[in-house]
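Residue indices begin at 1 and follow the sequence shown. As the structure is a prediction and not an experimental result, all values here were calculated from the model. Indexing begins at 1, ligand by ligand and atom by atom, following the structure's order.
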Amino acid sequence: LIGITCSKSEDLSEWYQQVILKGEMLEFTDIPGCYIYQPASYRIWEFIQSFFNDRIRKMKVKNCYFPLFITEANLQREKDHIEGFAAEVAWVTEGGKNKLEKRLAVRPTSETAMYSFYSKKIRSHRDLPLKMNQWNNVVRWEFKHPMPFLRSREFLWQEGHTAHMTEEEAGKEVLEILDHYAAIYEDLLAVPVVKGKKTIAEQFPGAHYTTTLEGFIPSVGRGIQAATSHCLGQHFAKMFDITVEDPNQQVKDGQARDKLHVWQNSWGFTTRSIGVMVLIHGDDKGLIIPPRVAEVQVVIVPVGVTAKMADADKQKLYDEVDKLRQTLEDVDIRVECDYREGYNVGYKFNDWEMKGVPLRLEFGPKDAAKGIVTTSRRDQSGSKGEIPVSDIGSEVPKLLEEIQKSMYQKASDEYAAHRKIVRDWADFVPTLNDKNVILVPHCTTEDCEDQIKKDSTGNVEGQEVDVRAPSMGAKSLCIPAEQPEEIKEGTKCVNPKCGKEAVKWVMFGRSY
Ligand SMILES: O=C(C[C@H]1NCCC[C@H]1O)Cn1cnc2c(c1=O)CCCC2
Ligand SMILES: [Mg+2]
């Protein structure tokens with residue numbers, strides 16, 4: 001077992017691949033874009049699932065499961081939903097030895113699978129609001145270069161689909177879900193995100209509006225879409241005839257009530273989140289897992305065990321290590337002891353560091369004599385501490401919380417330091433090339449965005465940039481909910497070729 005043999009700052013994609021493989025998070029298969037989620041990453045997904053299930057259960061969302069396959073007829077029911085995405089749909093055309101009469105789509109998302117059912121299930125306003133969610137896999141035959149967790153042909157996610165009587169009830173839920181998504185990132189994964197709304201150019205075509213969480217990968221200075229919560233308006237309801245009779249209408253006996261189309265939302269959170277967490281927290285020794293989602297939060301390594309040590313002494317030490325473990329388990333800490341014979345301490349330290357275990361306790365005869373354990377935080381490598389054996393039951397949980405908070409704070413400070421306000425076009429590309437995302441006064445129109453994408457690909461003389469960056473222009477990431485300041489009357493759009501009034505501060509960046 002050797003450690004990571006490259007540096008995050010020099011070759012991010014090589015570093016990323018080594019870290020997730022040697023950290024036993026994921027394994028490649030013989031199918032491009034399809035990966036094995038090893039227990040280390042699947043456990044993180046389970047932490048996310050139970051956190052999110054607890055919250056949506058309180059919102060009366062019910063989990064369910066719809067078929068993997070969708071008929072072509074159903075998939076085509078919502079035209080502008082599908083036309084932009086048709087190239088990404090995978091199809092099944094044979095069953096065993098028989099060619100299928102009609103090919104079946106492998107679900108790329110389940111709106112069209114669920115909404116013909118919604119049309120039947122929702123008869124009256126008393127059936128509203130209807131709130132269903134499913135944890136499943138979806139397939140999108142992306143052609144862009146696949147990246148484990150970040151962009152794969154099959155991925156795991158949850159997709160929530162709700163139906164409401166009014167636009168404002170739907171709108172309230174859209175934001176409530178976005179807050180829960182932000183809590184997954186910030187409270188569990190220690191990953192900062194910016195909340196906002198997609199511009200028309202970047203929103204999901206089937207949506208009335210799209211709200212989004214935007215992450216940031218400092219190593220390459222690129223944004224990354226981290227989760228979405230859409231209000232679909234009545235768009236799909238009209239396509240799928242999901243209506244209720246108007247309960248407020250004054251009708252005479254026998255007069256039929258008007259039919260009202262329901263207001264719908266759909267929201268999704270994927271295993272991309274695990275890749276984002278790895279990219280943000282990992283270092284040149286490997287993974288760093290935030291304690292709240294660490295399968296192993298503490299590893300206790302007996303030290304000072306030498307070949308010439310008397311068996312009785314070794315056993316005594318191991319018994320004391322086991323008592324430490326028991327004390328920590330009694331306060332619900334997830335702990336492992338590394339009693340492996342035949343591996344030296346250096347090997348063991350390297351192994352657990354590569355797996356990203358957030359806290360190591362070293363315990364040897366010297367520590368025992370002093371009645372302390374030596375602590376080593378994974379997030380601040382080299383920082384050692386001491387905790388009296390008698391206090392570990394209370395001090396270790398505190399230290400883990402401190403690690404969790406400081407991982408978040410470090411990432412949040414880094415994101416803030418690379419989110420720059422730009423008022424003049426002359427600063428747009430240079431600031432972008434400095435591995436930043438930027439906030440600019442913008443008109444929020446689509447053709448202006450296309451222009452900016454074209455005009456922001458190049459290099460600037462004398463500015464070294466990430467070799468892949470110049471080929472990529474900046475796109476709008478979101479209209480941040482938190483606007484930096486009022487846009488002053490008469491402020492022009494940052495794009496000199498535009499000339500329109502700026503209406504919002506819009507966050508632009510190169511992105512995954
Ligand atoms: O999936 C959504 C919208 C919505 N789906 C449910 C979860 C939330 C949100 O992602 C958008 N979308 C993205 N990508 C694709 C499709 C698609 O509808 C359909 C065809 C294949 C590719
Ligand atoms: Mg896509």
Only heavy atoms count here, so choose which of Glu159, Arg140, Gln134 is nearest to atom 1 (O) of ligand 1. Arg140
As an exercise, identify every atom of ligand 1 less than 4.0 angstrom from a heavy atom of [X].
{"X": "Gly268", "value": "7 (C), 8 (C)"}
{"X": "Thr109", "value": "1 (O), 5 (N), 6 (C), 16 (C), 17 (C), 18 (O), 19 (C)"}
{"X": "Glu88", "value": "22 (C)"}

Could you tell me whether Arg77 sits above the aromatic face of Phe240, with NZ or CZ closer than 6.0 angstrom to the six-membered ring centre and within 45 degrees of the axis? yes
Is the NZ or CZ atom of Lys198 positioned over Phe204's six-membered ring, under 6.0 angstrom from the centre and within 45° of the axis? no
Is any NZ, NE, NH1 or NH2 atom of the basic residue among Glu485 and Arg423 found under 4.0 Å from an Asp or Glu carboxylate oxygen of the other? yes
Checking the side chain of His164 only, and the main-chain atoms of Thr166 only, is there a donor and an acceptor separated by less than 3.5 Å? no
Purely on distance, is any nitrogen or oxygen of Glu111 under 3.5 Å from one on ligand 1? yes
With respect to Trp157, determine whether any N or O atom, backbone or side chain, lies less than 3.5 Å from an N or O atom of ligand 1. no
Scan side-chain atoms only and decide if Tyr37 and Thr271 contain a donor-acceptor pair under the 3.5 Å cut-off. yes
